[in-house]
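Order of the sequence lines fixes the chain letters, A, B, ..., with proteins taken first and strands second; residue numbering starts at 1 for each chain.
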There are 2 protein chains.
Amino acid sequence: MEKQDHKSALILDAALPVFARYGFQKTTMADIARAAEISRASLYLAFNSKEELFRAGSARAHEQTMSDVEAVLGRTGNVVDRIAAAISAFQEGLIAPFSKSENAKELFDINMQLAADITTTARSRLLDLLAKALSNAQAQGEIDLKPIEASPIDVASLIAAAMDGIKHSFSADGPSVEALRLLMRVLSLALTPGRR
Amino acid sequence: MEKQDHKSALILDAALPVFARYGFQKTTMADIARAAEISRASLYLAFNSKEELFRAGSARAHEQTMSDVEAVLGRTGNVVDRIAAAISAFQEGLIAPFSKSENAKELFDINMQLAADITTTARSRLLDLLAKALSNAQAQGEIDLKPIEASPIDVASLIAAAMDGIKHSFSADGPSVEALRLLMRVLSLALTPGRR
DNA sequence: GAACAAATAGACAAAATACGTCTAATCGTC
DNA sequence: GACGATTAGACGTATTTTGTCTATTTGTTC
């Protein structure tokens with residue numbers, strides 16, 4: 001059972017770059033088998049269909065990324081910086097690898113079609129983690145949410161929404177990083193106690 | 001007749017990047033029509049088949065590149081430098097654009113299958129231009145071929161062969177440029193008069 | 001080296017996709 | 001309104017891909 005998972009993981013690690021390169025439609029099971037250096041028959045032993053394989057790939061990417069996000073949030077340092085790093089990790093893990101502009105749209109569409117649950121679960125998990133980090137910071141007096149009259153969840157939602165909006169409006173051109181930095185500066189000023 | 005050519009050229013300019021990105025096999029006529037922002041029906045008005053389109057694309061790339069090569073060779077300066085620049089132009093025009101590593105092999109294979117004549121014609125044209133440049137340089141005493149006991153054509157052939165060999169052995173990793181530079185230094189030393 | 005599980009090549013029918021052709025409708029220009 | 005150019009869309013055919021299956025090979029364990 002554990003060997004199986006390992007093999008599947010190897011296949012998925014080989015498959016994701018192929019999807020990123022050609023998109024879902026143009027990627028064939030033969031392409032993936034070749035990339036994973038196994039036969040097509042073996043590939044079907046591990047995954048019953050291309051769609052199942054894609055779902056598993058999406059799941060793996062999300063798991064890995066969320067693990068990174070969790071690790072980053074667990075570090076020391078001020079909350080805003082850690083949250084900024086967490087958002088970065090989230091973007092780097094799930095968006096940047098597929099931002100070949102052309103294929104990006106198709107891949108995200110297919111993902112929403114085949115693995116919407118995985119994505120929404122990860123998203124709410126991210127919200128949870130951000131809210132928890134904010135909550136802890138507030139408990140330790142590092143930040144003060146009273147002036148802005150919002151709960152940790154509210155703030156976490158705002159950050160996630162901004163992340164999404166920024167991603168969609170700027171696509172992968174570049175200003176995205178800049179816009180996120182600005183958001184973090186705003187948050188920092190708004191939440192730091194000892195300010196008006 | 002002239003409008004037709006212009007339209008065809010626009011199509012080919014849109015098609016080449018698509019071929020470079022996906023390779024010949026994975027590129028569909030629909031992909032090309034989309035890239036050229038015309039309908040599939042119109043695409044078939046300009047080209048009767050995918051193979052014909054590819055041939056035309058290959059022809060266009062070769063024409064443009066050879067025109068660049070000719071221009072570079074026509075400049076002032078010492079022969080060896082001009083030849084080095086010409087080789088660079090040739091490589092940049094016909095090899096670099098398709099060196100997406102994965103697709104490169106398939107594209108070159110398909111090219112040799114569908115447009116071998118175009119490639120070989122361009123190649124002999126290149127040889128001719130190099131030989132002519134060497135011949136002129138010799139006539140003006142800029143270089144001396146006597147010590148190496150070779151005709152301009154011999155030297156041109158050697159250069160072209162070296163270019164090929166370098167390309168094939170190093171693929172598109174990087175040392176290719178270095179190797180070409182070395183070849184040019186060798187030539188320069190061997191051909192310059194006033195040396196042993 | 002026999003016994004066993006895992007991986008493979010290769011063939012296969014069914015489904016999906018691409019090709020190349022055609023017609024009828026739309027668009028822009030004169 | 002007439003004209004040529006462009007288009008959407010449907011079409012049959014050919015090719016490719018999918019997913020399944022069997023027989024064979026490979027590698028491991030006893």
Side-chain angles (χ1 to χ4, degrees), chain A residues 1-59 102-103 105-107 109-111 113-115, chain B residues 1-59 102-103 105-107 109-111 113-115:
Chain A
M1 291 298 164
E2 189 238 325
K3 285 262 179 178
Q4 299 292 344
D5 286 1
H6 180 59
K7 259 185 302 183
S8 294
L10 287 180
I11 293 173
L12 295 179
D13 287 343
L16 289 182
V18 181
F19 280 129
R21 170 161 197 122
Y22 291 119
F24 180 79
Q25 151 91 344
K26 278 192 192 299
T27 297
T28 71
M29 293 297 264
D31 289 334
I32 295 171
R34 198 177 314 121
E37 294 179 312
I38 61 175
S39 69
R40 212 165 59 87
S42 295
L43 183 54
Y44 274 101
L45 290 180
F47 300 98
N48 293 319
S49 74
K50 184 169 151 186
E51 301 193 351
E52 184 183 315
L53 191 155
F54 185 88
R55 263 187 67 84
S58 181
E102 272 306 319
N103 301 129
K105 204 179 91 73
E106 187 224 3
L107 285 170
D109 287 353
I110 292 281
N111 182 69
Q113 194 175 311
L114 299 179
Chain B
M1 292 296 164
E2 189 240 327
K3 284 263 180 178
Q4 298 293 345
D5 285 1
H6 181 60
K7 257 185 301 182
S8 295
L10 288 180
I11 293 173
L12 295 178
D13 287 343
L16 289 182
V18 181
F19 279 128
R21 170 161 195 118
Y22 292 117
F24 181 79
Q25 151 91 343
K26 276 191 192 298
T27 297
T28 70
M29 292 298 264
D31 288 335
I32 295 171
R34 199 177 314 121
E37 296 179 309
I38 61 174
S39 69
R40 211 165 58 87
S42 295
L43 183 54
Y44 274 100
L45 290 180
F47 300 98
N48 293 318
S49 74
K50 184 170 152 185
E51 301 193 352
E52 183 183 315
L53 191 155
F54 185 88
R55 265 187 65 87
S58 181
E102 271 308 316
N103 302 130
K105 205 180 90 72
E106 187 224 4
L107 284 170
D109 287 353
I110 292 282
N111 182 68
Q113 194 175 311
L114 299 179

*Who pairs with B/Y44 by ring pair (Phe, Tyr, Trp, His ring centres under 6.0 Å), at least two apart in sequence or on another chain?*
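Partners of B/Y44 by the ring pair (Phe, Tyr, Trp, His ring centres under 6.0 Å) criterion come out as none, since no residue qualifies.
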*asked:* Using a 4.0 Å cut-off on heavy atoms, which residues in residues 27-35 of chain A reach DNA chain C? List them by number, or say none.
replied: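 Under 4.0 Å from DNA chain C: no residue of residues 27-35 of chain A.
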In whole angstrom, give the distance that lies between atom [atom1] of [X] and atom [atom2] of [N].
X	N	atom1	atom2	answer
A/K50	C/dA15	NZ	P	17 Å
A/E37	C/dA9	CD	P	12 Å
A/I38	C/dT8	CD1	P	6 Å
B/L43	D/dA8	CG	C1'	15 Å
B/Y44	D/dT6	OH	P	17 Å
B/R40	D/dA8	CZ	P	11 Å

*When you match A/N48 and A/K26 each to their closest nucleotide on DNA chain D, which lands nearer the 5' end?*
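That would be A/K26.
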*For the side chain of A/R55 and the backbone of A/L114, is there at least one donor-acceptor N/O pair under 3.5 Å apart?*
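Checked: pair present.
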*Within less than 4.0 Å of OP1 or OP2 of C/dA7, is there a side-chain N or O belonging to A/K7?*
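Affirmative; the distance criterion is met.
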_Under 4.0 angstrom between A/S39 side-chain N/O and C/dA7 OP1 or OP2_ =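 For C/dA7, OP1/OP2 do not have a side-chain N/O of A/S39 under 4.0 Å.
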*Among residues two or more places apart or on two chains, list those pairs meeting salt bridge (charged side-chain N to carboxylate O under 4.0 Å, His left out) that have a residue in residues 22-31 of chain B.*
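Every pair satisfying salt bridge (charged side-chain N to carboxylate O under 4.0 Å, His left out) with a residue in residues 22-31 of chain B: A/K26-B/D31, A/D31-B/K26, B/D31-B/R34.
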_Cation-pi check for B/F19 against B/K50: NZ or CZ below 6.0 Å from the six-membered ring centre and within 45 degrees of the axis, yes or no?_
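The answer is no; the distance or angle limit is not met.
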